[in-house]
2 protein chains.
Amino acid sequence: MTDATATRPSIAGEQRIDGSDLLGDVEFLVARVRAIGSGHAREALAPFGLRVRAYAVLSLACGSVSPTQRDIADFLQLDPSQVVAVIDSLEASGFVRRAQHPRDRRVNIVEATEQGLATYAEAREAVSRARDRSLGSLSAEERETLTSLLLKVAF
Amino acid sequence: MTDATATRPSIAGEQRIDGSDLLGDVEFLVARVRAIGSGHAREALAPFGLRVRAYAVLSLACGSVSPTQRDIADFLQLDPSQVVAVIDSLEASGFVRRAQHPRDRRVNIVEATEQGLATYAEAREAVSRARDRSLGSLSAEERETLTSLLLKVAF
DNA sequence: GTGAATAGTTGACAACGTCAATTAGTATCC
DNA sequence: GGATACTAATTGACGTTGTCAACTATTCAC
């Protein structure tokens, strides 16, 4: 009776699931870690009226080079139509604006407004704290290692 | 003209996006890696009539202990109603069946059929090859490290 | 200048996530 | 042993996300 599983009806003598092959499956683990992390990030961003997706776009808009919508779609691996929706909402919130490209009238450049920059600075802190919660089981060195390995896979 | 970016209209003298803070953001990287990985997995699983989600459930059903639907929901972090839908489709395909729990008639035990086991064995290989593509930039040792770090975060 | 390609936009549709309510069965507590 | 609380599975609703095709305006290439 020392086992918390005793009250739940599983099969074969109250034996728990073992995850079989999935526990060694990087893709499964990545999906699970993402679910955990984006859940925390979502909570952290809610007070700012931002979702995870919009935060990522705002982050790009706040970078040193204002991106085009196409840049954003490529970088975030989004369909261009999704970028439209996110920027519509960010623009409605007053965080970014669409500006003309100097030499190509097809192109929109997404610039952060003052308000967008200020909000991003705060949101960034909140996300950072959320990250600390998600990665609490890792040492600083492990975090570093994880980041660099993911970076290799991601690009 | 040696630069492939020269044909695409970006801002500030054809300078590319630098990703700003996102490149050091574990959550962003995880999301991106997941998108890449599940894309490959989806392609690999399509010939079997399986989606990524259904493959994960089938994997559990093919494990040493047949799970209950509740076990599956907990392990995959799904709402119980989503499990219903996935098992409905797996059952319609003849890959699993719902069996009675010996001591609790509320509970369904999800068992793989012969066909389910056979299909899983093949699908597993296909997923493994897809994984090799996704993780091609990592050495075997790095893959091992990545897996164990993700495991620490995931559970 | 004509034809091919690209940026952004709109709309449609399936898949996914979340939540509330229902039904059937089991456990608890008096 | 009977009322009460809890749990497993299911259904249905609703908003979000992912994917795709089509369209317009503009630029590029020959």
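Every chain is numbered from 1 and lettered A, B, ... according to where its sequence line falls, protein lines coming before strand lines. The shown structure was predicted, so the numbers you read here are calculated from the model rather than taken from an experiment.
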Asker: How close or far is atom P of D:dT10 from atom CZ of B:Arg98, stated in whole angstroms?
Answerer: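 These atoms are roughly 4 Å apart.
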
Asker: Rounded to the Å, how far apart are B:Gln82 CD and C:dA14 C1'?
Answerer: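 Whole-Å distance recorded here is 14 Å.
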
Asker: Taking the nucleotide of DNA chain C with the closest heavy atom to each, which residue, A:Asp88 or A:Arg34, is nearer the 5' end?
Answerer: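 Closer to the 5' end of DNA chain C: A:Asp88.
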
Asker: Let me know the distance between CG of B:Asp104 and P of C:dA24, rounded to the nearest Å.
Answerer: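 The answer, rounded to whole Å, is 15 Å.
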
Asker: Is the phosphate of D:dT27, meaning OP1 or OP2, less than 4.0 Å from a side-chain N or O of A:Arg105?
Answerer: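 The answer is yes; a side-chain N or O of A:Arg105 sits under 4.0 Å from OP1 or OP2.
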
Asker: Using OP1 and OP2 only, check whether a side-chain N or O of A:Arg70 sits under 4.0 Å from C:dT6.
Answerer: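 Answer is no, no contact under 4.0 Å.
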
Asker: With the side chain of B:Asp79 defined as its heavy atoms from C-beta on, choose the nearest nucleotide among C:dT18, D:dG18, C:dG8.
Answerer: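 Output: C:dT18.
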
Asker: Check the distance between D:dA9's C1' and B:His101's NE2 and give it to me in whole angstrom.
Answerer: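 Checked: the NE2 to C1' distance equals 14 Å.
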
Asker: Take atom CG of B:Asp71 and atom P of D:dT7, then tell me their distance rounded to the nearest Å.
Answerer: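 That distance rounds to 15 Å.
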
Asker: Would a hydrophobic clustering, with Ile, Leu, Val, Met, Phe, Trp and Tyr connected at side-chain separations under 4.5 Å, put A:Ile72 with A:Leu117?
Answerer: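 No, no single cluster joins them.
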
Asker: Taking a hydrophobic cluster as the set of Ile, Leu, Val, Met, Phe, Trp and Tyr residues connected by side-chain heavy atoms closer than 4.5 Å, whether directly or through intermediates, do B:Val30 and A:Phe75 fall within one such cluster?
Answerer: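 Yes, it is one cluster - the side chains of B:Val30 and A:Phe75 are joined through contacts under 4.5 Å.
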
Asker: In whole angstrom, what separates A:Arg42's CZ from D:dT16's C1'?
Answerer: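 One finds 10 Å between C1' of D:dT16 and CZ of A:Arg42, rounded.
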
Asker: Under 6.0 Å from the ring centre and within 45 degrees of the ring axis: does the NZ or CZ of A:Arg32 meet both conditions for the six-membered ring of B:Phe155?
Answerer: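 Yes, A:Arg32 and B:Phe155 form such a contact.
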
Asker: Check this one for me: any side-chain N or O of B:Arg51 less than 4.0 Å away from OP1 or OP2 of C:dC16?
Answerer: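 So the side chain of B:Arg51 is within the cut-off, an N or O lying under 4.0 Å from OP1 or OP2 of C:dC16.
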
Asker: Determine the contact category for A:Asn108: base if any of its heavy atoms lies under 4.0 Å from a base atom, sugar-phosphate if only primed atoms, P, OP1 or OP2 are that close, otherwise nothing.
Answerer: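 Sugar-phosphate, backbone atoms only, no base.
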
Asker: Rounded to whole angstroms, how far apart are CD on A:Gln69 and C1' on D:dA25?
Answerer: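 It works out to 14 Å between those atoms.
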
Asker: Of the candidate nucleotides D:dT7, D:dG18, C:dC19, which contains the atom at the shortest distance from the side chain of B:Ser81?
Answerer: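 Given the options D:dT7, D:dG18, C:dC19, the side chain of B:Ser81 is closest to C:dC19.
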
Asker: Could you tell me whether a side-chain N or O of B:Glu125 sits under 3.5 Å from a main-chain N or O of B:Glu122, the two making a donor and an acceptor?
Answerer: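 No.
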
Asker: Between C:dT10, D:dT26, C:dG25, which nucleotide gets closest to the side-chain atoms of A:Arg106?
Answerer: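 Comparing C:dT10, D:dT26, C:dG25 against the side chain of A:Arg106, the answer is D:dT26.
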
Asker: I need the CD1-P distance between B:Ile87 and D:dT11, as an integer number of Å.
Answerer: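 B:Ile87 atom CD1 is separated from D:dT11 atom P by 12 Å.
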
Asker: Considering only NZ, NE, NH1 and NH2 on the basic side and carboxylate oxygens on the acidic side, decide whether B:Arg98 and B:Glu91 come within less than 4.0 Å.
Answerer: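 Yes.
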
